[in-house]
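Working notes for the structure below.
We're numbering straight along the sequence, starting at 1.
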Amino acid sequence: MRRAMPRIRPVWWFPMLLFAFSAEASFSETWNEHRFRTKTREALVRVKNILDTNKEPTNAEEVPHVYDDKYALANYLTNTALAADLNILKEFGMGDQILETLNTKAAKNNRTILLSFEADERCEFIEEKEFYVDGKTKVVSSGFFGSSETKTMHKEKQWIWNYTVSYKIKIGVDDYKVSLREGRTSKRLIQHSKAAPHKDYVAHPETTVDVTFLITSLANMATGKDRGRFAIDRSDKSCLTPRRNKDVQDVLDQFRRLHVFNARVEQYMLQMFLPTGLPNMESNTRVNEVFCPVAAFFDRSTNTTLSLPDAKALLKYHHSSLKKAISTTSSMVHASHSDGVHEKPDHISVHPFVLVAQLDSISQHYFDGLQYIEEMIRQQLVAAIGKSLTPEDFAEYMEYHNNKKLFKEEFKPKAFSHAVRRPNHSPEGIISIEASDTKRLISTLVRTKPQTDDTANMSFALNAATTVQFRGPHYIHGWLDHQFSSSPNHMAQSTKHLDLVIRARQFSNFIVV
(Lines give C-alpha, C1' and ligand atoms only; values in the text may rest on other atoms or scores of the structure.)
Protein backbone atom coordinates (compact mmCIF):
# COMPACT_ATOMS: atom_id res chain seq x y z
CA MET A 1 0.00 0.00 0.00
CA ARG A 2 1.39 3.38 -0.99
CA ARG A 3 1.60 6.16 1.57
CA ALA A 4 0.07 9.46 0.61
CA MET A 5 2.19 12.57 0.60
CA PRO A 6 1.08 15.21 3.13
CA ARG A 7 -1.21 17.87 1.75
CA ILE A 8 0.52 21.25 1.53
CA ARG A 9 -1.76 24.17 2.16
CA PRO A 10 -0.92 27.82 1.50
CA VAL A 11 -0.56 30.01 4.55
CA TRP A 12 -2.13 33.46 4.46
CA TRP A 13 -1.38 36.07 7.08
CA PHE A 14 -3.82 38.70 8.23
CA PRO A 15 -2.82 42.33 7.66
CA MET A 16 -2.39 43.29 11.30
CA LEU A 17 0.91 45.06 10.72
CA LEU A 18 -0.51 47.20 7.97
CA PHE A 19 -3.72 48.01 9.82
CA ALA A 20 -1.72 48.98 12.88
CA PHE A 21 0.27 51.45 10.83
CA SER A 22 -2.76 52.69 8.90
CA ALA A 23 -4.69 53.45 12.05
CA GLU A 24 -1.92 55.63 13.41
CA ALA A 25 -0.56 57.13 10.21
CA SER A 26 -3.61 58.79 8.70
CA PHE A 27 -3.27 62.58 8.45
CA SER A 28 -6.43 64.51 9.29
CA GLU A 29 -6.88 68.28 9.06
CA THR A 30 -9.87 68.20 11.37
CA TRP A 31 -9.08 69.69 14.77
CA ASN A 32 -9.61 67.03 17.42
CA GLU A 33 -8.89 68.39 20.86
CA HIS A 34 -9.16 65.00 22.55
CA ARG A 35 -6.55 63.55 20.19
CA PHE A 36 -4.27 66.52 20.76
CA ARG A 37 -4.58 66.43 24.56
CA THR A 38 -3.94 62.69 24.67
CA LYS A 39 -0.82 62.95 22.51
CA THR A 40 0.41 65.98 24.46
CA ARG A 41 0.12 64.22 27.81
CA GLU A 42 2.09 61.26 26.50
CA ALA A 43 4.72 63.49 24.91
CA LEU A 44 5.14 65.63 28.03
CA VAL A 45 6.12 62.63 30.13
CA ARG A 46 8.76 61.54 27.62
CA VAL A 47 10.09 65.07 27.06
CA LYS A 48 10.64 65.53 30.80
CA ASN A 49 12.62 62.30 30.85
CA ILE A 50 14.77 63.37 27.90
CA LEU A 51 15.65 66.94 28.94
CA ASP A 52 17.71 68.09 31.90
CA THR A 53 16.00 68.34 35.25
CA ASN A 54 16.31 72.13 35.29
CA LYS A 55 14.01 72.34 32.27
CA GLU A 56 10.26 72.69 32.82
CA PRO A 57 8.43 71.81 29.57
CA THR A 58 4.80 72.89 29.97
CA ASN A 59 1.75 73.29 27.77
CA ALA A 60 1.93 76.72 26.14
CA GLU A 61 -1.45 77.84 27.50
CA GLU A 62 -0.20 77.35 31.08
CA VAL A 63 2.83 79.65 30.68
CA PRO A 64 2.53 83.48 30.71
CA HIS A 65 3.53 84.79 27.29
CA VAL A 66 2.86 87.57 24.79
CA TYR A 67 1.45 87.43 21.28
CA ASP A 68 4.91 87.38 19.68
CA ASP A 69 5.65 84.16 21.56
CA LYS A 70 2.90 82.43 19.60
CA TYR A 71 4.77 83.19 16.38
CA ALA A 72 7.96 81.91 18.00
CA LEU A 73 6.14 78.70 18.90
CA ALA A 74 4.86 78.29 15.32
CA ASN A 75 8.43 78.77 14.04
CA TYR A 76 9.70 76.20 16.55
CA LEU A 77 7.06 73.65 15.51
CA THR A 78 7.90 74.14 11.83
CA ASN A 79 11.65 73.82 12.29
CA THR A 80 11.23 70.74 14.49
CA ALA A 81 8.83 69.10 12.01
CA LEU A 82 11.24 69.71 9.11
CA ALA A 83 14.18 68.36 11.14
CA ALA A 84 12.15 65.26 12.07
CA ASP A 85 11.36 64.70 8.39
CA LEU A 86 15.09 64.96 7.72
CA ASN A 87 15.65 62.13 10.24
CA ILE A 88 13.12 60.00 8.40
CA LEU A 89 14.56 60.71 4.95
CA LYS A 90 18.03 59.83 6.22
CA GLU A 91 16.64 56.41 7.15
CA PHE A 92 15.42 56.18 3.57
CA GLY A 93 19.07 56.65 2.58
CA MET A 94 19.17 60.36 1.77
CA GLY A 95 22.42 61.83 3.06
CA ASP A 96 23.54 65.44 3.23
CA GLN A 97 25.43 65.16 -0.06
CA ILE A 98 22.31 63.99 -1.92
CA LEU A 99 20.30 66.81 -0.36
CA GLU A 100 22.85 69.41 -1.41
CA THR A 101 23.09 68.05 -4.96
CA LEU A 102 19.31 67.96 -5.41
CA ASN A 103 18.95 71.47 -4.03
CA THR A 104 21.75 72.84 -6.23
CA LYS A 105 20.46 71.29 -9.46
CA ALA A 106 16.88 72.33 -8.77
CA ALA A 107 17.87 75.92 -7.98
CA LYS A 108 20.24 76.20 -10.94
CA ASN A 109 17.76 75.02 -13.56
CA ASN A 110 14.49 76.00 -11.82
CA ARG A 111 13.41 72.37 -11.89
CA THR A 112 11.12 70.26 -9.73
CA ILE A 113 12.43 67.58 -7.35
CA LEU A 114 10.30 64.44 -7.51
CA LEU A 115 10.05 61.58 -5.03
CA SER A 116 8.78 58.45 -6.79
CA PHE A 117 7.61 54.94 -5.95
CA GLU A 118 7.82 52.10 -8.48
CA ALA A 119 6.75 48.50 -8.01
CA ASP A 120 6.12 45.37 -9.98
CA GLU A 121 4.81 41.83 -9.40
CA ARG A 122 6.00 38.65 -11.08
CA CYS A 123 4.43 35.22 -10.97
CA GLU A 124 6.62 32.32 -12.21
CA PHE A 125 5.75 28.64 -12.53
CA ILE A 126 8.11 26.35 -10.58
CA GLU A 127 6.93 22.77 -10.82
CA GLU A 128 4.04 20.30 -10.95
CA LYS A 129 3.70 17.62 -8.26
CA GLU A 130 1.67 14.42 -8.03
CA PHE A 131 0.84 12.63 -4.78
CA TYR A 132 -1.69 10.23 -3.29
CA VAL A 133 -4.11 10.88 -0.45
CA ASP A 134 -6.32 8.53 1.54
CA GLY A 135 -9.81 8.08 0.13
CA LYS A 136 -13.07 7.72 2.03
CA THR A 137 -13.65 4.11 0.84
CA LYS A 138 -12.50 1.36 3.22
CA VAL A 139 -12.97 -2.46 2.82
CA VAL A 140 -12.59 -4.82 5.81
CA SER A 141 -12.35 -8.61 5.19
CA SER A 142 -12.01 -11.52 7.67
CA GLY A 143 -10.40 -14.90 7.14
CA PHE A 144 -8.80 -17.87 8.88
CA PHE A 145 -5.70 -15.85 9.67
CA GLY A 146 -7.58 -12.75 10.89
CA SER A 147 -8.98 -9.60 9.31
CA SER A 148 -7.46 -7.18 6.79
CA GLU A 149 -8.22 -3.65 5.77
CA THR A 150 -7.95 -2.05 2.34
CA LYS A 151 -8.15 1.70 1.59
CA THR A 152 -8.71 3.50 -1.65
CA MET A 153 -6.04 6.05 -2.63
CA HIS A 154 -6.64 9.10 -4.82
CA LYS A 155 -4.01 10.77 -6.95
CA GLU A 156 -3.90 14.58 -6.83
CA LYS A 157 -1.81 17.24 -8.52
CA GLN A 158 -0.46 20.55 -7.36
CA TRP A 159 1.00 23.39 -9.38
CA ILE A 160 3.52 25.50 -7.48
CA TRP A 161 4.20 29.14 -8.38
CA ASN A 162 6.60 31.74 -7.08
CA TYR A 163 5.00 35.15 -6.51
CA THR A 164 7.45 38.06 -6.14
CA VAL A 165 6.81 41.70 -5.29
CA SER A 166 9.57 44.30 -5.57
CA TYR A 167 9.68 48.07 -5.28
CA LYS A 168 11.98 51.07 -5.64
CA ILE A 169 11.78 54.47 -3.98
CA LYS A 170 13.74 57.10 -5.89
CA ILE A 171 14.29 60.83 -5.80
CA GLY A 172 15.69 63.05 -8.50
CA VAL A 173 15.66 66.17 -10.58
CA ASP A 174 15.91 65.94 -14.37
CA ASP A 175 18.48 63.25 -15.23
CA TYR A 176 19.95 63.09 -11.72
CA LYS A 177 18.11 60.26 -9.94
CA VAL A 178 19.05 58.41 -6.76
CA SER A 179 17.57 55.12 -5.58
CA LEU A 180 16.81 55.49 -1.88
CA ARG A 181 15.25 52.12 -1.13
CA GLU A 182 14.73 48.85 -2.98
CA GLY A 183 12.84 45.92 -1.51
CA ARG A 184 11.84 42.46 -2.61
CA THR A 185 9.95 39.56 -1.08
CA SER A 186 8.30 36.43 -2.45
CA LYS A 187 6.13 33.48 -1.54
CA ARG A 188 5.29 30.05 -2.91
CA LEU A 189 1.68 29.77 -4.05
CA ILE A 190 0.15 26.30 -4.38
CA GLN A 191 -2.70 25.82 -6.83
CA HIS A 192 -4.88 22.79 -7.50
CA SER A 193 -5.35 23.73 -11.14
CA LYS A 194 -3.12 24.86 -13.99
CA ALA A 195 -4.50 28.38 -13.85
CA ALA A 196 -1.92 30.95 -12.75
CA PRO A 197 -2.86 32.73 -9.50
CA HIS A 198 -1.61 36.07 -10.87
CA LYS A 199 -0.53 37.59 -14.15
CA ASP A 200 3.02 36.84 -15.30
CA TYR A 201 4.10 40.46 -14.89
CA VAL A 202 2.36 43.57 -13.61
CA ALA A 203 4.04 46.98 -13.43
CA HIS A 204 2.56 49.34 -10.88
CA PRO A 205 2.11 52.88 -12.28
CA GLU A 206 4.78 55.20 -10.95
CA THR A 207 3.61 57.37 -8.07
CA THR A 208 5.36 60.75 -7.73
CA VAL A 209 5.18 63.77 -5.46
CA ASP A 210 6.75 67.21 -5.76
CA VAL A 211 9.11 67.65 -2.78
CA THR A 212 11.02 70.71 -4.01
CA PHE A 213 9.96 72.88 -1.07
CA LEU A 214 10.77 70.15 1.45
CA ILE A 215 14.18 69.29 0.01
CA THR A 216 15.17 72.96 -0.31
CA SER A 217 14.21 73.61 3.30
CA LEU A 218 15.99 70.47 4.53
CA ALA A 219 19.11 71.23 2.49
CA ASN A 220 19.34 74.70 3.99
CA MET A 221 18.82 73.21 7.43
CA ALA A 222 21.48 70.53 6.92
CA THR A 223 24.07 72.90 5.47
CA GLY A 224 23.26 75.95 7.59
CA LYS A 225 22.33 78.18 4.63
CA ASP A 226 20.07 81.10 5.47
CA ARG A 227 20.76 80.09 9.06
CA GLY A 228 18.83 76.93 8.26
CA ARG A 229 15.84 78.25 10.17
CA PHE A 230 12.22 78.70 9.15
CA ALA A 231 10.68 82.02 10.19
CA ILE A 232 7.27 83.51 9.43
CA ASP A 233 7.47 86.79 7.53
CA ARG A 234 5.14 88.95 9.60
CA SER A 235 5.56 91.91 7.26
CA ASP A 236 3.79 90.01 4.47
CA LYS A 237 0.21 91.20 3.94
CA SER A 238 -0.99 87.58 3.91
CA CYS A 239 0.20 87.08 7.48
CA LEU A 240 -2.88 87.13 9.72
CA THR A 241 -2.05 84.75 12.57
CA PRO A 242 0.71 82.23 13.38
CA ARG A 243 -1.41 79.64 11.55
CA ARG A 244 -2.84 81.73 8.73
CA ASN A 245 0.05 83.03 6.64
CA LYS A 246 1.77 82.14 3.38
CA ASP A 247 4.92 80.66 4.95
CA VAL A 248 3.06 78.14 7.10
CA GLN A 249 0.64 77.45 4.27
CA ASP A 250 3.56 76.45 2.02
CA VAL A 251 4.70 73.93 4.62
CA LEU A 252 1.19 72.52 5.04
CA ASP A 253 0.76 72.27 1.25
CA GLN A 254 3.97 70.21 1.09
CA PHE A 255 2.76 67.94 3.89
CA ARG A 256 -0.60 67.50 2.14
CA ARG A 257 1.09 66.42 -1.10
CA LEU A 258 3.36 64.10 0.83
CA HIS A 259 0.36 62.58 2.59
CA VAL A 260 -1.28 61.69 -0.74
CA PHE A 261 1.97 60.00 -1.81
CA ASN A 262 2.24 58.16 1.51
CA ALA A 263 -1.34 56.94 1.29
CA ARG A 264 -0.82 55.52 -2.20
CA VAL A 265 2.38 53.76 -1.19
CA GLU A 266 0.75 52.35 1.93
CA GLN A 267 -2.31 51.21 -0.02
CA TYR A 268 -0.10 49.38 -2.48
CA MET A 269 1.79 47.71 0.35
CA LEU A 270 -1.48 46.68 1.94
CA GLN A 271 -2.85 45.17 -1.26
CA MET A 272 0.28 43.67 -2.79
CA PHE A 273 2.69 42.89 0.03
CA LEU A 274 0.00 41.12 2.04
CA PRO A 275 0.03 37.94 -0.12
CA THR A 276 3.77 37.68 0.45
CA GLY A 277 3.30 36.86 4.12
CA LEU A 278 3.64 39.89 6.38
CA PRO A 279 3.24 38.81 10.00
CA ASN A 280 0.98 39.80 12.83
CA MET A 281 3.05 42.46 14.55
CA GLU A 282 2.99 43.30 18.23
CA SER A 283 1.99 46.72 19.53
CA ASN A 284 5.56 47.81 20.30
CA THR A 285 6.26 48.33 16.59
CA ARG A 286 3.34 50.67 16.00
CA VAL A 287 3.84 54.24 14.93
CA ASN A 288 2.70 55.75 18.23
CA GLU A 289 5.65 54.03 19.94
CA VAL A 290 8.06 56.22 17.97
CA PHE A 291 8.69 59.45 19.85
CA CYS A 292 7.51 62.57 18.01
CA PRO A 293 9.52 65.73 18.84
CA VAL A 294 6.90 68.12 17.41
CA ALA A 295 5.15 69.40 20.56
CA ALA A 296 3.72 72.82 21.50
CA PHE A 297 5.59 73.30 24.77
CA PHE A 298 7.08 76.32 26.48
CA ASP A 299 9.88 76.16 29.03
CA ARG A 300 8.36 77.53 32.23
CA SER A 301 11.81 78.40 33.56
CA THR A 302 12.30 80.93 30.74
CA ASN A 303 8.68 81.51 29.55
CA THR A 304 9.85 80.88 25.98
CA THR A 305 9.99 78.02 23.51
CA LEU A 306 12.40 75.17 24.13
CA SER A 307 15.99 76.09 23.30
CA LEU A 308 17.95 74.84 20.30
CA PRO A 309 19.99 72.34 22.41
CA ASP A 310 16.70 71.03 23.83
CA ALA A 311 15.27 70.62 20.32
CA LYS A 312 18.41 68.75 19.23
CA ALA A 313 18.09 66.40 22.21
CA LEU A 314 14.48 65.63 21.29
CA LEU A 315 15.39 65.06 17.63
CA LYS A 316 18.22 62.75 18.64
CA TYR A 317 15.83 60.69 20.73
CA HIS A 318 13.33 60.66 17.86
CA HIS A 319 16.02 59.30 15.53
CA SER A 320 17.00 56.54 17.98
CA SER A 321 13.38 55.49 18.60
CA LEU A 322 12.81 55.43 14.84
CA LYS A 323 15.81 53.15 14.33
CA LYS A 324 14.58 50.88 17.11
CA ALA A 325 11.12 50.57 15.56
CA ILE A 326 12.63 49.73 12.17
CA SER A 327 14.96 47.15 13.69
CA THR A 328 12.19 45.52 15.69
CA THR A 329 9.85 45.38 12.71
CA SER A 330 12.55 43.95 10.45
CA SER A 331 13.48 41.26 12.99
CA MET A 332 9.88 40.16 13.40
CA VAL A 333 9.38 39.97 9.65
CA HIS A 334 12.52 37.87 9.25
CA ALA A 335 11.49 35.57 12.09
CA SER A 336 8.17 34.92 10.38
CA HIS A 337 9.84 33.80 7.12
CA SER A 338 11.24 30.57 8.50
CA ASP A 339 8.58 28.14 7.26
CA GLY A 340 10.32 27.22 4.02
CA VAL A 341 7.46 28.74 2.05
CA HIS A 342 8.41 32.42 2.22
CA GLU A 343 11.64 33.86 0.98
CA LYS A 344 13.21 36.17 3.55
CA PRO A 345 12.96 39.73 2.26
CA ASP A 346 15.85 42.16 2.25
CA HIS A 347 16.32 43.72 5.65
CA ILE A 348 15.26 47.11 4.27
CA SER A 349 12.07 45.85 2.60
CA VAL A 350 9.91 46.69 5.60
CA HIS A 351 11.34 50.17 6.14
CA PRO A 352 8.56 51.97 4.20
CA PHE A 353 5.96 50.61 6.64
CA VAL A 354 7.56 52.55 9.49
CA LEU A 355 8.94 55.53 7.57
CA VAL A 356 5.88 56.39 5.48
CA ALA A 357 3.69 56.19 8.56
CA GLN A 358 6.12 58.40 10.48
CA LEU A 359 6.01 61.12 7.82
CA ASP A 360 2.24 61.31 8.28
CA SER A 361 2.62 61.22 12.05
CA ILE A 362 4.95 64.24 11.97
CA SER A 363 2.49 66.09 9.71
CA GLN A 364 -0.38 65.32 12.10
CA HIS A 365 1.50 66.57 15.16
CA TYR A 366 2.53 69.69 13.24
CA PHE A 367 -1.01 70.51 12.15
CA ASP A 368 -2.40 69.88 15.63
CA GLY A 369 0.27 72.12 17.17
CA LEU A 370 -0.54 74.99 14.79
CA GLN A 371 -4.26 74.62 15.33
CA TYR A 372 -3.65 74.56 19.08
CA ILE A 373 -2.02 78.00 18.79
CA GLU A 374 -5.04 79.21 16.80
CA GLU A 375 -7.40 77.85 19.45
CA MET A 376 -5.41 79.63 22.18
CA ILE A 377 -5.87 82.93 20.35
CA ARG A 378 -9.59 82.29 19.94
CA GLN A 379 -10.07 81.38 23.60
CA GLN A 380 -8.16 84.47 24.75
CA LEU A 381 -10.30 86.70 22.52
CA VAL A 382 -13.49 85.10 23.83
CA ALA A 383 -12.28 85.65 27.40
CA ALA A 384 -11.47 89.31 26.66
CA ILE A 385 -14.76 90.07 24.87
CA GLY A 386 -16.95 87.97 27.15
CA LYS A 387 -18.64 85.93 24.43
CA SER A 388 -17.98 84.13 21.18
CA LEU A 389 -18.92 86.54 18.42
CA THR A 390 -20.96 85.26 15.50
CA PRO A 391 -21.73 86.80 12.11
CA GLU A 392 -25.17 87.65 13.51
CA ASP A 393 -23.55 89.81 16.20
CA PHE A 394 -21.51 91.63 13.58
CA ALA A 395 -24.60 92.13 11.40
CA GLU A 396 -26.42 93.77 14.32
CA TYR A 397 -23.41 96.00 14.95
CA MET A 398 -23.31 97.10 11.30
CA GLU A 399 -27.07 97.64 11.19
CA TYR A 400 -26.80 100.06 14.09
CA HIS A 401 -23.93 102.00 12.50
CA ASN A 402 -25.62 102.04 9.10
CA ASN A 403 -28.69 103.68 10.57
CA LYS A 404 -26.93 106.03 12.97
CA LYS A 405 -23.65 107.09 11.37
CA LEU A 406 -22.87 105.91 7.84
CA PHE A 407 -25.86 106.73 5.63
CA LYS A 408 -28.00 109.77 5.07
CA GLU A 409 -31.69 109.31 5.71
CA GLU A 410 -32.62 108.77 2.06
CA PHE A 411 -29.93 106.13 1.58
CA LYS A 412 -30.34 104.11 4.76
CA PRO A 413 -31.02 100.38 4.33
CA LYS A 414 -34.70 99.56 4.68
CA ALA A 415 -36.43 96.45 5.92
CA PHE A 416 -37.43 94.19 3.03
CA SER A 417 -41.20 94.16 3.60
CA HIS A 418 -43.46 95.52 0.88
CA ALA A 419 -47.20 95.73 0.44
CA VAL A 420 -48.71 94.32 -2.77
CA ARG A 421 -51.53 96.59 -3.95
CA ARG A 422 -53.31 98.04 -6.90
CA PRO A 423 -53.35 101.83 -7.28
CA ASN A 424 -55.86 103.46 -4.93
CA HIS A 425 -56.71 100.10 -3.29
CA SER A 426 -55.97 98.45 -0.01
CA PRO A 427 -53.01 95.98 0.03
CA GLU A 428 -53.68 92.48 -1.25
CA GLY A 429 -50.87 91.12 0.90
CA ILE A 430 -47.23 91.46 1.91
CA ILE A 431 -43.99 90.05 0.53
CA SER A 432 -40.86 89.98 2.74
CA ILE A 433 -37.52 88.28 3.26
CA GLU A 434 -36.78 87.03 6.78
CA ALA A 435 -34.06 85.14 8.61
CA SER A 436 -35.11 81.52 9.11
CA ASP A 437 -34.06 81.32 12.75
CA THR A 438 -34.90 84.75 14.19
CA LYS A 439 -37.71 85.72 11.78
CA ARG A 440 -36.14 89.18 11.59
CA LEU A 441 -36.46 91.14 8.36
CA ILE A 442 -33.29 91.76 6.40
CA SER A 443 -32.38 95.34 5.53
CA THR A 444 -31.51 96.16 1.93
CA LEU A 445 -30.19 99.11 -0.02
CA VAL A 446 -32.88 100.14 -2.48
CA ARG A 447 -32.71 101.94 -5.81
CA THR A 448 -36.09 102.97 -7.20
CA LYS A 449 -36.74 103.52 -10.88
CA PRO A 450 -40.12 105.19 -11.34
CA GLN A 451 -42.44 104.19 -14.15
CA THR A 452 -42.47 106.63 -17.10
CA ASP A 453 -43.84 106.57 -20.60
CA ASP A 454 -40.41 105.54 -21.86
CA THR A 455 -40.14 102.62 -19.47
CA ALA A 456 -40.70 99.34 -21.21
CA ASN A 457 -43.42 97.07 -19.91
CA MET A 458 -42.41 93.84 -18.21
CA SER A 459 -44.00 90.63 -19.40
CA PHE A 460 -44.08 86.88 -19.00
CA ALA A 461 -45.72 84.10 -20.98
CA LEU A 462 -48.49 81.92 -19.58
CA ASN A 463 -48.44 79.69 -22.63
CA ALA A 464 -47.61 79.88 -26.34
CA ALA A 465 -50.64 82.08 -27.05
CA THR A 466 -50.93 84.20 -23.90
CA THR A 467 -48.52 86.86 -22.59
CA VAL A 468 -49.09 88.98 -19.52
CA GLN A 469 -47.76 92.53 -19.49
CA PHE A 470 -47.49 94.76 -16.46
CA ARG A 471 -45.93 98.05 -15.56
CA GLY A 472 -44.99 100.04 -12.52
CA PRO A 473 -41.92 101.35 -10.66
CA HIS A 474 -38.81 99.13 -10.57
CA TYR A 475 -36.99 98.41 -7.31
CA ILE A 476 -33.43 97.08 -7.19
CA HIS A 477 -32.41 95.69 -3.80
CA GLY A 478 -28.89 95.04 -2.54
CA TRP A 479 -28.18 93.04 0.59
CA LEU A 480 -24.76 92.63 2.25
CA ASP A 481 -24.28 89.33 4.08
CA HIS A 482 -21.58 88.94 6.71
CA GLN A 483 -19.31 85.91 7.08
CA PHE A 484 -16.29 85.03 9.16
CA SER A 485 -13.42 83.64 7.10
CA SER A 486 -13.17 79.89 7.46
CA SER A 487 -10.36 78.24 9.37
CA PRO A 488 -8.92 74.91 8.09
CA ASN A 489 -11.28 72.89 10.29
CA HIS A 490 -14.45 75.02 10.08
CA MET A 491 -16.71 75.92 7.22
CA ALA A 492 -17.28 79.62 6.59
CA GLN A 493 -20.10 80.82 8.81
CA SER A 494 -22.89 82.68 7.09
CA THR A 495 -25.05 85.10 9.02
CA LYS A 496 -28.36 83.44 8.32
CA HIS A 497 -30.52 81.33 6.06
CA LEU A 498 -33.24 83.37 4.41
CA ASP A 499 -36.90 82.70 3.66
CA LEU A 500 -39.03 84.47 1.08
CA VAL A 501 -42.31 85.00 2.95
CA ILE A 502 -45.50 85.80 1.05
CA ARG A 503 -48.75 86.59 2.89
CA ALA A 504 -52.14 87.31 1.27
CA ARG A 505 -54.99 88.99 3.14
CA GLN A 506 -58.30 87.23 3.62
CA PHE A 507 -60.30 86.98 0.37
CA SER A 508 -57.33 88.42 -1.56
CA ASN A 509 -54.80 86.90 -3.93
CA PHE A 510 -51.90 87.85 -6.13
CA ILE A 511 -49.27 86.12 -8.27
CA VAL A 512 -45.54 86.05 -7.47
CA VAL A 513 -43.30 85.32 -10.47
Side-chain angles (χ1 to χ4, degrees), residues 4-22 25 92-93 116-131 133 155-170 179-208 261-282 285 326-357:
M5 295 178 63
R7 182 185 295 270
I8 302 175
R9 297 184 181 274
V11 180
W12 297 96
W13 299 89
F14 293 96
M16 297 301 292
L17 165 66
L18 294 171
F19 284 127
F21 283 132
S22 297
F92 267 115
S116 64
F117 175 83
E118 301 175 0
D120 60 62
E121 305 97 44
R122 299 176 185 271
C123 189
E124 301 174 342
F125 177 72
I126 299 177
E127 61 178 331
E128 177 183 337
K129 287 186 176 182
E130 292 185 0
F131 58 93
V133 297
K155 184 170 70 172
E156 291 191 4
K157 290 185 178 182
Q158 289 181 340
W159 287 262
I160 302 176
W161 302 77
N162 189 59
Y163 181 66
T164 303
V165 179
S166 58
Y167 71 85
K168 291 181 181 179
I169 297 178
K170 300 186 298 185
S179 178
L180 299 179
R181 275 289 179 264
E182 296 184 13
R184 177 182 177 276
T185 186
S186 63
K187 177 184 177 180
R188 280 193 310 172
L189 300 179
I190 301 174
Q191 300 289 106
H192 295 280
S193 67
K194 288 185 177 181
H198 299 279
K199 294 183 179 179
D200 293 345
Y201 176 76
V202 176
H204 178 69
E206 184 180 27
T207 301
T208 61
F261 175 82
N262 295 340
R264 291 174 179 173
V265 172
E266 189 175 23
Q267 182 183 23
Y268 178 81
M269 294 287 188
L270 176 64
Q271 294 176 347
M272 304 311 301
F273 261 59
L274 173 60
T276 66
L278 286 174
N280 180 359
M281 307 302 290
E282 298 177 0
T285 61
I326 293 172
S327 177
T328 303
T329 306
S330 299
S331 298
M332 297 181 72
V333 170
H334 273 241
S336 70
H337 287 68
S338 58
D339 54 7
V341 175
H342 305 89
E343 176 187 333
K344 289 189 177 183
D346 299 333
H347 192 69
I348 59 174
S349 293
V350 297
H351 282 200
F353 291 112
V354 181
L355 300 178
V356 168

- [ ] Identify the heavy atoms of Glu182 and Lys168 that sit nearest to each other, and give their distance.
- [x] CG-CG, 3.6 Å
Task: Chi angles and distances behind the side chain to side chain contact (heavy atoms under 4.5 Å, CB included) call for Val356, Phe92 - done: CA-CA 10 Å; Val356 168; Phe92 267 115; 4.3 Å; yes
Task: Thr164 side chain reached by Glu124 side chain, heavy atoms, under 4.5 Å - done: no
Task: Heavy-atom pair of closest approach, residues Ile126 and Arg188 - done: CD1-CG, 4.4 Å
TODO: Measure the CZ-CH2 distance between Phe125 and Trp159 for me, rounded to the nearest 0.5 Å.
DONE: 8.5 Å
- [ ] Specify whether Tyr163 and His198 have parallel, tilted or perpendicular ring planes, treating 30° as the upper limit for parallel and 60° as the lower limit for perpendicular.
- [x] parallel
Open item on the list: Angle between ring planes, His204 versus Tyr268, binned at 30° and 60°: parallel, tilted or perpendicular?
Closed with: tilted
Task: From Gln158 atom CD to His192 atom NE2, the distance as rounded to the nearest 0.5 Å - done: 5.0 Å
Open item on the list: So, taking the atom named OG in Ser186 and the one named CD in Glu121, what distance separates them when rounded to the nearest 0.5 Å?
Closed with: 13.0 Å
Task: Inter-residue atom distance Ile169.CD1 - Ser116.OG, 0.5 Å rounding - done: 8.5 Å
TODO: Measure the CD-NZ distance between Glu206 and Lys170 for me, rounded to the nearest 0.5 Å.
DONE: 6.0 Å
Open item on the list: Using every non-hydrogen atom in the two residues, find where Trp161 and Lys194 come nearest and quote the distance to one decimal.
Closed with: CZ2-O, 3.6 Å
Task: Closest heavy-atom pair and its distance - Asp120, Ala203 - done: CB-CA, 4.2 Å
TODO: Quick one: closest heavy-atom pair of Thr208 and Phe261, and the distance?
DONE: C-CD1, 4.1 Å
TODO: Any chance you could measure Leu355, atom CG, to Leu180, atom CG, to the nearest 0.5 Å?
DONE: 10.5 Å
